[in-house]
Amino acid sequence: MKMKTTLKNQTAFFLIALTFIANLISAGNAQRPTSSTQKSPAVETFAEDVHSYSNPRAVRVRNVDLDWTVLFNKKILQGTATLSLSRSFDYYTTSIVLDTRDLNIEKAEISDDGKNFKATTFKLGATDKILGAPLTVQLSSNAGFVRIYYSTSPNASGLQWLTPEQTAGKKTPFMFSQAQAIHARSFIPLQDSPQVRVTYSARVRTPKNLLAVMSAEGNSQNNNVRNGEYRFRMPHEISPYLIAIAVGDLQFRSLGRRTGVYTEPSMIEKSAFELSDTEKMVEATEKLFGAYRWGRYDLLVLPPSFPFGGMENPMLTFATPTILAGDKSLVSLVAHELAHSWSGNLVTNATWRDFWLNEGFTTYLERRIIEAVYGKPRREMEATLGRNSLEEEMASMATRDQILYVDLKGRDPDEGFTGIPYEKGALFLRYLEETFGREKFDKFVRGYFDSHAFQSITTADFVDYLNKNLITANLQSARRVSIEDWIYQPGLPINAPQPASDAFVKIEAQAKNYIGGKIAANKIQTRAWTTQEWLHFLKSLPQDLGVKRMAELDRAFNLTNRGNSEIAFQWLMMSIKNDYSTAYQRLEEFLTTIGRRKFVRPLFAELVKMPEGTKRAVAIYTKARSGYHPITRASVDEILKWKNQ
Ligand code: BES
Ligand code: ZN
C-alpha cells in the first residue's frame, strides 16, 4: 500500500515537472482551449475575473465540504472547509490562493487522499477594501485536498445575525447568508469566482430548537426533526455565490408536488397563500424552456431585513417578506428567481462583467412566465414599468455604466447592479424574439440552456453561440440586428422594443385629466386597479405635484397607509419630494421595519437632498441602522457619510 502510494507520487511528480517545463516553453498561451458549444461535461472556463485572487487555471476547487457550528452568542460560524482540488498539468503551482474576507484562519492542512491530513503553512495577504484578502496555502506536489480551520467575523459581509427582537416571532435568533456577488468569501475560504463550479456538502450544528436550511438537498428530510444537527448536499456543480444557509425558527408548508415554503411560523399562512402559484410557474417554465433540473423548488421567506427582493439560491430561493402583498400582485419576483434555475444557476455568468447574461435572460424569462401564468396584459404592464424605470435611471447614469458588458475593473461588482443588466438585457432578448419570431427564438433559448447546462460562460461565448445558432441561420432577418450596439454601446438602440399596455394608456389619460383640472381626485376611476396600475398612475404624475394634490389623493385613496410595499415606496418617494409631512410618520415606520435596499437606499438618497430631510434621515437611521443588513448599511452609510458612531 505504502509503496503504491510512493510510486504514484513519483510518477505524478515526474509528470508535473515535465508539464511545468513544457509550460514554460509555451508561456503566455492562456486561451480557453474549447469552444463554448461543445457538450463535454468537463468544460472549464478561464476568463479573467478581476474580483477573485484565485487562479483556477492552475488548481481548481471541485467540491466544498463544510462543517460548521452556528454560534449565536458570538455571531460566528466556526468549523472547517475541506476543498477537493484538481490540479492542472499545464499550469504547475505549489500553492493555492483562496479568497477570504474578515476570516479568522486557525490552521490549514493538506491531504493526498482526503483521509489523512497533515499541517501545512499558509499566509494571509493584505486586505483590499473590495476584494478582501488572499489566503495562500502551501501544497505538496500530490495534494488533492485542503482543509481550513476557521471562524467568521461577527461583521461578515455575507451574513446577518438577528436578535430575537428582529424576527417575527421575537423568541429565537435568526441567521442567514447572502453570498452574491463576492460575499461567499466572508463565510467560506474558497475560489470565489463564478467560473469555478463546485458541488458541496455540509454538516451544520445549531441550537436544538432551531432549523437549518441550505441551497441543497436535505431540507425536506430535516423538516420538523429538530435535533441541532443537519446535513446537506448539492450534487450539481454550482458557482460559489449560490451557496446559502439560514437558521431560525422555521416552519415548512408544501405548495405542490415539488414546491414548498419555509418561514417563521407566524408568517407561514400568509406566505403559503401568496406563493400558491409557484408549482404552476415551474410547470409553465418547463414547458417554455425545458426541464427543471434541480429536483425541489422551495422558497424561504426571510425577516424584513433581507437586503434584496429575492436571491436565486438553488433549490431554495430566498425572498423578502415585502412581496407578501396579500393579493399575489408582487409574485413576478418568484417568476424571476425561479427563472434563474435556467439562466444563472444552470448557465452562469463567468465573471461579474457578464452579469447581464444572468439578469437580462432572467428578466426576459420572468416576463414570459408571467405571460404564461397571468396573461399578456400583465406582462406588458410589467415590461412597461421596467422600460420606463430604465430610461429614468439612465438619464443620470455615466455612459460607461450603460453598457451590458460593463467594465468593473477596480470597482465593487455591486456597481454593476443597475437597471442595465436587467432591463436593457431583457429588451435585447425581446428584440431578438421580435426579430426572429417567437418560435425560432424559443428554440434557440432552449438550445442555449441545453448546450451550456452547468457551465459558466462569458459574453463572448454567448455572442459566438448567438451568431452560430440564430444569426447565420436567418441572415435575412438578422441584417437589422446590431449586436455591437446592444452589448458594447451605451444607451438603448433606436429600434429597442417598446412594450405597450392598453390599461396603462387609460391610466395616463386619467392622470392627465386630473392634473389638467378636468376631473377631481375622488372622480378618478380606480376600481379594480392592480398594483401595476397604481404604480403607473403614481409615476405618471409630475414630480412636483405639490402638497395640496398629495393631500387630495391621500384623502381619496388612503395612500399613506397602503400596506403594499411597492405602492408605499412610490408614495413615500413622492412625499419626500413634495415635503408632504403627513406621510413622515409612515416613512419612519417603513424605514425602521424594512431593510430591503431597493426601497431604503432611494428614500435616504431623496431625504438628504434637503437640509431638513437630512436631519430627518439621520434621526431615522440612528434607530434603523442596527437592524439593517451589512449590504444595506454600506449603501446608506455612504449616502449619509456615516462614520461608525
Ligand atoms: N440575483 C439577484 C440578486 C442579486 C444580484 C444579489 C446581484 C446580489 C448581487 C436576484 O435574482 C434579483 O435580481 N433580485 C431582485 C428582484 C427581481 C425581481 C428583479 C431584487 O432583489 O431586487
Ligand atoms: Zn435576478
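Residues: numbered from 1 along the sequence shown. Predicted, not measured: the structure shown is a model, and the values here were computed from it. For the numbers below, each heavy atom of this structure counts, side chains included, while hydrogens, waters and symmetry mates do not.
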Please test Phe308 against Phe417 for ring-ring contact (aromatic ring centres under 6.0 Å, His included), starting from the C-alpha separation and ending with a verdict.
CA-CA 11 Å; Phe308 293 104; Phe417 187 78; 5.6 Å; yes
Could you check whether [X] pairs with [Y] (Lys NZ or Arg NE/NH1/NH2 to Asp/Glu carboxylate O, under 4.0 Å)?
X	Y	result
Arg411	Asp401	yes
Arg446	Asp450	no
Asp112	Lys118	no
Arg203	Glu229	yes
Glu286	Arg258	yes
Arg231	Glu217	no
Arg253	Asp298	no

Indicate whether the side chain of [X] and that of [Y] have a donor and an acceptor atom separated by less than 3.5 Å.
X	Y	result
Arg185	Thr100	no
Asp113	Ser111	yes
Ser52	Asp99	yes
Arg101	Ser186	no
Ser95	Gln138	no
Thr80	Asp67	no
Ser193	Ser54	no
Ser88	Arg57	no
Tyr297	Thr317	yes
Asn104	Ser151	yes
Glu312	His336	no
Glu283	Tyr292	no
Ser215	Tyr200	yes

Centroid-centroid under 6.0 Å between [X] and [Y] rings:
X	Y	value
Tyr448	Phe289	no
Phe454	Trp342	no
Trp356	Tyr405	no
His629	Phe306	no
Trp68	Tyr230	no

May I ask you to test the Phe462-Phe361 pair for a side-chain heavy-atom distance under 4.5 Å?
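Yes; the side chains approach each other to less than 4.5 Å.
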4.5 Å side-chain heavy-atom contact, Val247 and Leu211
no
Distance (rounded to the nearest 0.5 Å) between Phe176 CZ and Ser305 OG
4.0 Å
Would you verify whether the NZ or CZ of Arg633 falls within 45 degrees of the ring axis of Tyr628 while also being under 6.0 Å from that six-membered ring's centre?
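No, Arg633 and Tyr628 do not form such a contact.
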